[in-house]
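See structure below.
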Amino acid sequence: AELKSIAILTPEAGTDYGWNQQGIVAAKAAGAAAGVKVIVAENLGYGDVRPTLRELAEDGVGLLIAHASGYNTAAPEIGAEKKIPVAIVDSPDARAAGKVADYTASGHEGAYLAGRLAAKMNRTGTVGIVVSGEPPSWNSQSVAFAEGAKAEKPAIAVRYAVIGPAAYSDAAGGKRVTEALIAAGADIVFGQGNGSSFGMLQAVETGKATDGGKVFFIDVIGDKTPIDKGNLLSSVVWNLQPVYAAMIADAKAGKYGSRNYGIQLADDSVTLLKTKSIPDKVWGEIQAIRKDIVDGKIKLTPHFDADAVHKIVSPLTVAAQ
Amino acid sequence: MSALFTEAFLTALILGAVTAGLPLMLAGLGEQISEKAGVLNIGLEGMMLIGAYGGFLVAYGSGSIWLGFLAGAVGGAAVAAVMAVLCVGLGLNQIVIGIALTLGAEGMTALQHHFQFAQSYPRLPAVPTLPIPGLSSLPVIGPALFDRPAIVYLAVAAVAVTSWVFRRTHLGLALQAAGDKPAALDAAGVGVVAIRSAAVLTAGALAGLGGAFMSEVGAGIFVPFMTNGAGFIGIVLAMLARGHPLWLLCGAVLFGACLSITTALQVAGVDIPTDVIQMLPFATVLLILILFGRRAALPPALGVHYVRGAR
Amino acid sequence: MTQPGHPAAFRTDEPIVSLFEVTKRFPGVVANDSVSLDLWPGEVHVLLGENGAGKSTLIGMLSGIQTPDSGAILVDGREQVIDTPARALELGIGTVFQHAMLVPSLTVVENIALGGPAWSRPDKRGIAARMAEVCAGIGVRVDPHAPVGSLSLGEQQQVEIVRALMRGSRVLVLDEATAMLTPKGSEELGALMRRLVARGLAVVFITHKLNEALAFGHRISVLRLGRKVGEITPDRLTALTPQVVTAEVVRLMFGSDAASAGTASGPERQPFAGGAPVLEISGLAVDDEAVPLADVDLTVAAGEIVGIAGIDGNGQKQFAEAVAGQRPLRQGRIDLDGRPIAALAIGERHRRGLRYVTDDRLGEGTVAAFPVSLNLLLKRVGDDLFWAGGLERSGPIADHARRLVAEYDVRTPGVETPIGKLSGGNIQKALLARELSGEARAVIFAKPTYGLDVQNIRASRRRIREAADRGLAVILISTDLEEVLELSDRIAVMSQGRIVGMVANDRSARLRVGELMSGVAT
Amino acid sequence: MTLETADSPPISPTALRPALRRHLHLIATTVVPLVAALALSGLILALLGVDPLAYYGWVVQRGLLSPSGLEATATRMAPLLLIAASLIVAFRAGIWNLGGDGQFLLAAVIVAAAAPALSGHLPNWAVLSCCLILGAAVGAAWSVVPALLKAWQNVNEIITTLMMTFLGVSLANVLVKLAFLDPRTTVPQTRTLAVADRLPRLFETTVSSGLLIGLVAIVLVHLIMTRTAFGLKLRIVGANPRAALHAGLPVPRLTVAVFAISAALAGLAGAVEIVGVQGNVRADWNPAYGLTVVPLVFLARFNGFASIAFVFLFSVLSIGGESAARRLGVPNHFTLVVVAILLIMLGITEHLDQRRRAAGR
Ligand SMILES: Nc1ncnc2c1ncn2[C@@H]1O[C@H](COP(=O)(O)OP(=O)(O)OP(=O)(O)O)[C@@H](O)[C@H]1O
Ligand SMILES: Nc1ncnc2c1ncn2[C@@H]1O[C@H](COP(=O)(O)OP(=O)(O)OP(=O)(O)O)[C@@H](O)[C@H]1O
Ligand SMILES: [Mg+2]
Ligand SMILES: [Mg+2]
């Protein structure tokens, strides 16, 4: 079918070096490559996006990318009402031929690598995870990070803390909780959050590990290198461009909805960011592990529920090992 | 588990409680002053946000943390000035204007942030601390309470000063009269508008300072909507601690402590769902209300515009 | 009461303050129309005038509460702009306002300290000491550290006077300062004013009580409809007999027709013939922080008026509220027409015919923002006559209101006018209309004429008589002994929450009530 | 506490005044502040380098003129009207219920859990009716603590209702994440009520019949408060609680009734939003409608019809503003600024109008 334009809807501004920015940048790139116009509707919040979806549909958009788990009810409904295909996240079962496709992005493979990396570079015996909330994509990465760290160093302690309710913008909370984790011994912090992640970064930059040394930060989704002050160890970088490109291609080919989309190490839609803080030797080892995952030698299953996270970070689990 | 609750971790928890509680305390202190004088300041959240933004902007631009605090206080007071003119001077509805100011401040700071910092996300360096000789070497509480940025001591001093003003000065009497019976204050030769405006401006400055503390010390960065309802919690704290700045200090510390306990339990891996733990501060306050609620009376003239000679 | 002597000692060539042709307009009213007034040192200048004549407005311009639209105010011969209360205080003009201007939550000294330099500490001990001095000088006693809220209105007025003196006021304005005082309190205040002017102050004294004006005043000015309609100079005041002055003042205040009447509302009351008991109260006890009630027994027969005399704040309010149902009883019983009502709620007592005309007309008697028509039905909301199945029937409601407004001569622009816009006298008439209409059996009147002018007082008292004549049992609570003596068949005296004596209203009643009130007799 | 509010509508329809003057007055009190607010916001837009006229053009085009935009505006009005009704009952009775958001959200969560569970067991109309009743009941239940504290202990309700909102928001999240989780998705959200099973849409549009519920509720509330004995009793309590006591009204019981009705309406708003539009509740969802509606009903001086107008205006702005912001590349936080300025301008106008009326009394 003919596809002239697509639209992407994001809850926050596309300038967060994270989820929203990645979605918008990737959609624009995929659109440009396919010669399709891309309309960006950002900052829509977590309220009711139905009016925006309808308006975009009426403006002739041929594919609606609802880039937030919070939109996964509204988008298929409006897609059905306006007879326009939609892309959603976190609802793989909602797939419907010609109508709905899911691209539940799970960076768990990358997070596993990040966990291995963290454990390798860890000095204190403790690493930390700070999250702004417990959405599925955060959970799967938290679990994988902890698995990776423990696979590398079974005795390692993984400390975990959630900032607070609706804490996506709670930068002060991000900093406070990160500082507590650092005091609890973490010298590497795996941080997942939106506005709050800048507070985490600030805590890492201004804090000292319990051994007196530097604290490192491992980010997710985006690449914060442009704003790094030397504490960014790595990031589980996502690249949604292949996903969107495939969607556009499928839509043009009339096959939309015949499959869901995902990101994985194999096609580099998930990568671990190499910064100058990672010694080449370590990086080499990480690349080897990456290859094992891609080759299926290391099997990883994503766990999206918060319970799985709590279980793996519980000190009781540590004791049992 | 015992290895977890080390001195450093306990210190960090107490420190976290102080850092989280301090902006609430400053905002609550401002609200308390304003309410004592009879003005219900619903715009506190907006004043905090402008303070957070202004404080960060100036601290980042000038490199001086103190100029930042000054700017935060001035920013908060500027918003309060609008409130003083419209509500104290003209007598517009305090709730309407308060909410308008909060919405406006949210919008303006988010816009400004978008155009100014949304690409660079500048962050401030660590704020230097001022150890108090002797006390700062105490275990745990030494570094948590007595090796803090000077502004923390100043904020606590502000509570003491306010308490002193309330109980020991003519100004304190005037503030109370403005909230209890403005006509009597006027008849005694003190301008009600002046006293109330001063109270509102002070509230704005304190809230702005609280916001600046949040962005400069608490987070080291400004992000939109970062006050996250702190202003409203400040209002509740002020109402709970009517007339007693010290209670406010306790309330704010309690709030901060609940947040820290939440973090502590999570880090310890206690498998209580985080949302349940996060209800802790609210439930505690509600319990206090149920037990001691009767004391939470408000000044009789709160929210009532005063017009000389009207009847 | 004797006429004061001519205060020649302080006569100077110049008044301390002169109001020169001041005019003040409010929307729809000219409150003061080109009024000129001189305040001389050594004089008590009495301002008289019916309700709404413009007295408070006039002195409001002296105190900085109002500013004149035209005209001038001269202090020591020089023109001054008094645009704030602070300015008035600076100029030495101290005011005791009609409604107390003290902060109830602060203590007496704190109230006096109000207005000191912001950052300094109030010198409570010093203030208390100076206060003691001033108090001793003028012969009053006030606890300097008592919270003002715990003081009676009379005491509060004393505090305000002391405060004004402590500020070094040369001009002291007292707006209806005796309205809340007992006869003895008024007497003392009068003596105080005389001592003050003897020290060279100028006093402005506003009152509705002509006897006080004659007893305490050196000069009398009369306002009517915002104009100054006459002035009786000290020479004439000493020269004329009280009767002549009274007649002249009443003529000035109300026009010639009113001149002979005074406040008496009719012929002296006929001795009560006796009737069946309607309201029987026995062993009444009520808890209260200030004045608990104990052992109150009282029986009122149909057609009888029982007056309750006593100094204000001796449990009268608690008593009335307890009988009306606004306060829980600790013990005791109340029977109406032989049936117990003590367990009933306020509304049910009202339906049984028990009525309570409160003295707090705006505080609890009415809802100021609501129209007259609804205020007239405030105690009957939901009544089938006016609400059909809960739905308002505006026709009957308006008709009812118009009928009562006409019958009770409530002067209001319309029945839809918010009652708070009416004058005090008319609000009182509306309250009387509400309580006396319908199937009333017993009525409690609390200070029914407080703050009213002579004509309204007369009208209210007539209503009270008529109520009794219709066969209602009437309890009349009043601090105005004249009123009690004029209207009652029997007089109970209340003191510290008890009825300390019951007196038949005969020739010796005044004396015996006085004794009971002052605690001489038991 | 007391807050100054008069009992008359903002535009008092004095029958005697010529119609022309009334119209002029209406224009002066609504259009002037609107234009002033737009001009001021326009200035800010211009400073941001955006053409204000284009911006407003899109707002009007989308929020008011385009059929689907107008439908979106109308749909958005439904919960706002119910919350306005909730606030009118409370505020007129002198109860400052600021806990609407908690009542709204908890009701929404419980209804969202109940609706899919009931659907299939009962006919659709019965499911919907149950849900609406349930929402109202949950809202009312969440006001019990503040109501009892106020009625019998005289604890200030601003504090208690605010606290209950903070608590309610957290509890709603706990419920979504722990109790009512939809097992078929990884996202913490409740099960979804099918589109076909939601409140019927009006005619051939996308407007939810929630709009009708909202309109009926607010008009009903207005009439009850102004035309019935019950409403009068509540207003007496609100205007002068001592007079209410003196008049023999059962003040504590009426206070509890006010809380119950007000909170039930807020809960109903939650129910209508769920069974009308959303179909489910996600964790951390909190539209915070209460805070935005509070100033609107104050400006409407607690008059139901004026509230409808203000809610409409607000809805147009929020629907149209989002579209305009997107098309012109302004962050749509700008809508917040416009609303803020508008509230202030309306406040000032009302003040001036009151002064003028007082002067010409
Ligand atoms: N808030 C107000 N604004 C304007 N005018 C008011 C206000 N309150 C009261 N008034 C006016 O004040 C008057 C009441 O004053 P006052 O009690 O002195 O009246 P009055 O004419 O002396 O009546 P009466 O003799 O019955 O007491 C009313 O006539 C009313 O017009
Ligand atoms: N603030 C005001 N606003 C409007 N009208 C007022 C105001 N104050 C007084 N008035 C009007 O001015 C007139 C004079 O009122 P004022 O209070 O001076 O009378 P007064 O002689 O003191 O009466 P009273 O004996 O009842 O105290 C009244 O009729 C009233 O309508
Ligand atoms: Mg007067
Ligand atoms: Mg009067």
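Proteins get letters first, then strands, A, B, ... in listed order; numbering begins at 1 in each. All values below were derived from every heavy atom in this structure, side-chain atoms included, with hydrogens, water molecules and symmetry-related copies excluded.
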Is the backbone N or O of B:V217 less than 3.5 Å from a side-chain atom of A:K175, with the two atoms forming a donor-acceptor pair by type?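 Yes, A:K175 side chain to B:V217 backbone: donor-acceptor pair under 3.5 Å.
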Can you name the closest pair of heavy atoms from [X] and [Y] and give their distance?
X: A:T206; Y: B:P125; result: CG2-C, 3.8 Å
X: A:D170; Y: B:M226; result: OD1-O, 4.5 Å
X: B:G220; Y: A:Q202; result: CA-NE2, 3.3 Å

Would A:I227 and B:R123 count as a side-chain contact (heavy atoms from CB on, under 4.5 Å) here? Give the steps. CA-CA 9 Å; A:I227 59 168; B:R123 298 173 301 287; 3.6 Å; yes
Is it the backbone or the side chain of [X] that comes under 4.5 Å from a heavy atom of chain B, or both, or neither?
X: A:K224; answer: neither
X: A:N43; answer: neither
X: A:E179; answer: both

Take atom NZ of A:K229 as the centre, draw a 6.0 Å sphere, and report whether it contains more than 12 heavy atoms from other residues, nucleotides or ligands.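 Yes, NZ of A:K229 has more than 12 neighbouring heavy atoms, counting only those of other groups under 6.0 Å.
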Are more than 12 heavy atoms from other residues, nucleotides or ligands located less than 6.0 Å from atom NZ of A:K28?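 Atom NZ in A:K28 is not packed in, count stays at 12 or less.
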Separation of B:L13 CG from A:R176 CZ (nearest 0.5 Å):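 One gets 9.5 Å once the value is rounded to the nearest 0.5 Å.
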Most chain B-contacting option - heavy-atom pairs closer than 4.5 Å, from A:T178, A:L181, A:L201: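 The candidate making the most pairs under 4.5 Å is A:L201.
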Determine the option with the most heavy-atom pairs under 4.5 angstrom with chain B, choosing from A:G207, A:A180, A:G199.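 Maximum pair count with chain B is reached by A:A180.
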Below 4.5 Å, heavy-atom pairs only: which of B:T19, B:T227, B:I221 has the largest tally toward chain A?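 Of B:T19, B:T227, B:I221, B:I221 has the most heavy-atom pairs under 4.5 Å with chain A.
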Contact leader toward chain A among B:G229, B:A12, B:G218, where contacts are heavy-atom pairs under 4.5 Å: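 If we count pairs closer than 4.5 Å to chain A, B:G218 comes out on top.
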Can you tell if the side chain of A:V162 reaches within under 4.5 Å of the side chain of B:Q266, non-hydrogen atoms only?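 A side-chain contact under 4.5 Å exists here.
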Measuring heavy-atom distances to chain A, does B:V127 have an atom under 4.5 Å in its side chain, in its backbone, in both, or in neither?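 When you check distances to chain A, no heavy atom of B:V127 falls under 4.5 Å.
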May I ask you to decide if the ring planes of B:Y121 and A:Y17 are parallel, tilted or perpendicular, using 30° and 60° as cut-offs?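 The arrangement is perpendicular - the two ring planes meet at more than 60°.
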